[in-house]
Participant: 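Below is a structure I'd like to ask you about.
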2 protein chains.
Amino acid sequence: MTEVAAARRDVLLATAEQLFAARGYQATSVRDIAEAMDIKAGSLYAHIETKEDLLWEILTAAADRFFAAADPIVESDLLPMEKLRQLIAAHVQVITDGASLAAVYMNEWRHLTDLRRTEFTARRDAYEALVRGIVRDGIRSGELADLDEKFATLLILSSMNWIYQWYRTDGPMTPDEIARKLTEMLFKGLRRAGA
Amino acid sequence: MTEVAAARRDVLLATAEQLFAARGYQATSVRDIAEAMDIKAGSLYAHIETKEDLLWEILTAAADRFFAAADPIVESDLLPMEKLRQLIAAHVQVITDGASLAAVYMNEWRHLTDLRRTEFTARRDAYEALVRGIVRDGIRSGELADLDEKFATLLILSSMNWIYQWYRTDGPMTPDEIARKLTEMLFKGLRRAGA
DNA sequence: CCTACCGATCGGTAGG
DNA sequence: CCTACCGATCGGTAGG
C-alpha cells in the first residue's frame, strides 16, 4: 500500500469514527461517509470490504489505546492505590483525547456480527479484569476498604466511562483536573470527613 | 379506544422496548416488531402513526418513572444526605425494575427528530438539576464535603446509570442491596478509613 | 388485522 | 476514484 493510500484510509477511518459517534453505526450509511469525504459511495470499497470493517477497526484501535495506557501501570511495582490513581489518569486521558472514539467504543460494539462481538467483549472483560486485579490488591494491602471487589470495579469503570458524554475540549477542566477530581471523590467519598 | 385495543398497544410498546433495548432503534425494523407480535408489519399502523412514535412513548414513560420516583423525595423536608440516599435507592429501583426501559432511555434518545430530542434532553437536564440541587444543599449544610457540585452530580448519575449494563434479575444482588452498596461507596469512598 | 404494494434507501459490485 | 447498477430491505399506505 502506498503512503497516500494509507493516508486516505486514515481519513476514512476518522470520518467514519466521527459519524458513528454522532449518529450511531446503523444510522450512518456508507453514502454519508463518502459524502463527508467528497467521494462517491462505491469508491469506499477500494479501501474496505464491508461497512462493518470500519466499525471493527475503530473498536480495535480504541481497545488498543486503553490497553496501551493501562499495561505499563499494571505491570509496574507501584503500590495498588498509586496504580489505581495512575490508571484512572491514563484511562481518562484516552477518553478525553478521543471522545468520539470513546463514544463508539462504549455504544456501537453490539452492532458487530457474532464472532467479532465475542472477541470484542472478551477484550473488554480482560480490561475490566486488569482494573479488578488492582482493586483486589488494594483491598488485600489494606489501602482500600474491605469492599465488594466487583462492585467497586464497576463503580470505577462507570464513572470513568461516562466522561465522554459531557467532556468538551473547550470546557473548563483539563483531562488531568478531571482525573484528579474523580480520583479524590472516589477515594475520599462525597461525605464531609468526620461527618 | 376499547380495552382490548389499549392492551394490544401495551404489548406493542413492550415488544418495541425489548427490541430497541437489545438491538437499538435503528437496527430494529417495524417488521421485526410485527414478527415478534405474530402480526404483519402493516398492522402496526393501526396503533401508531410512525415508528418514532414508539420510541417517543417509551422514552416519555421512562422519564415519567424517574421523576415519579424522585419528586416526592426532592419535595420532602428530609436532610440533604438522607434525600440523596433515598433518591439513589429510588433511581436504582427504576433501573432494576425495567432494565430494558433504562437501556432505551440511556442510548436511543438521539434517534429522535429535532423537536422531540430537544424536549427529551430538556427533561433529562431537569432531572440532573434535581439531583444537583440536593448535592448543593448537602454541601451547604456541611453533610457533604466541599465538592465541585456539578462534577459530584455527574459522578452520582453516571454510577447509577451504568447499572442497567450489568444488572440481571437473577443476579446475586437485590436492587436494595445495590443501592445500599452504591450509596456507601459513594459517600464513604473506596479508601480504608484513616488510611 | 391482512394483502398487496409504493418510492426511497440500503450495502455492495462490475467495469472502467 | 467514478458511473451505473444490483437485489434486498426500509417505513409506510390503500383498500378491504
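The figures here come from the full heavy-atom set of this structure, side chains too, leaving out hydrogens, waters and symmetry mates. Note on naming: letters A, B, ... go to the chains in the order of the sequence lines (proteins, then strands), and numbering restarts at 1 for each one.
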Participant: Rounded to the nearest 0.5 Å, how far does CG of Asp32(A) lie from CG of Leu19(A)?
Facilitator: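 Reported to 0.5 Å precision, the distance equals 6.5 Å.
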
Participant: Inspect the contact between Arg65(B) and Asp97(B) and indicate whether a charged nitrogen and a carboxylate oxygen are less than 4.0 angstrom apart.
Facilitator: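 Judged by the 4.0 Å cut-off on N to carboxylate O distance, Asp97(B) and Arg65(B) do form a salt bridge.
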
Participant: Should the pair Arg123(B)-Asp64(B) be classified as a salt bridge under the 4.0 Å nitrogen-to-oxygen rule?
Facilitator: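 A salt bridge is present here (some side-chain N lies under 4.0 Å from a carboxylate O).
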
Participant: Hey, which of these two, Gly42(A) or Asp32(A), hits DNA chain C nearer its 5' end, going by closest nucleotide?
Facilitator: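 Nearest nucleotide further toward 5': that of Asp32(A).
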
Participant: Does a side-chain N-to-carboxylate-O contact under 4.0 Å join Arg9(B) and Glu57(B)?
Facilitator: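 Result for this pair is yes, salt bridge flagged.
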
Participant: In dot-bracket, 5' to 3', how would DNA chain D read with Watson-Crick or G-U wobble pairs under 3.5 Å, [ ] for crossing ones and | for pairs to another strand?
Facilitator: ||||||||||||||||

Participant: Please determine if Glu82(A) and Arg85(A) form a salt bridge, counting it only when a charged side-chain N lies under 4.0 Å from a carboxylate O.
Facilitator: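 Yes, charged N to carboxylate O under 4.0 Å.
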
Participant: With a 6.0 Å cut-off on the ring centroids, do His91(A) and Tyr127(A) count as close?
Facilitator: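 So the answer is yes for these two rings.
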
Participant: Distance only, no hydrogens: is a donor on one side chain within 3.5 Å (strictly under) of an acceptor on the other, for Thr50(A) and Glu52(A)?
Facilitator: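 Per modelled atom types, Thr50(A) and Glu52(A) side chains form no pair under 3.5 Å.
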
Participant: Using a strict cut-off of less than 4.0 Å between a Lys/Arg side-chain nitrogen and an Asp/Glu carboxylate oxygen, indicate whether Glu128(B) and Lys150(B) qualify as a salt bridge.
Facilitator: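 A salt bridge links Glu128(B) with Lys150(B).
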
Participant: Reading DNA chain C 5' to 3', which nucleotide is the first, and which the last, to come under 4.0 Å of any heavy atom in chain A?
Facilitator: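 Answer, 5' to 3': dC10(C) to dT13(C).
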
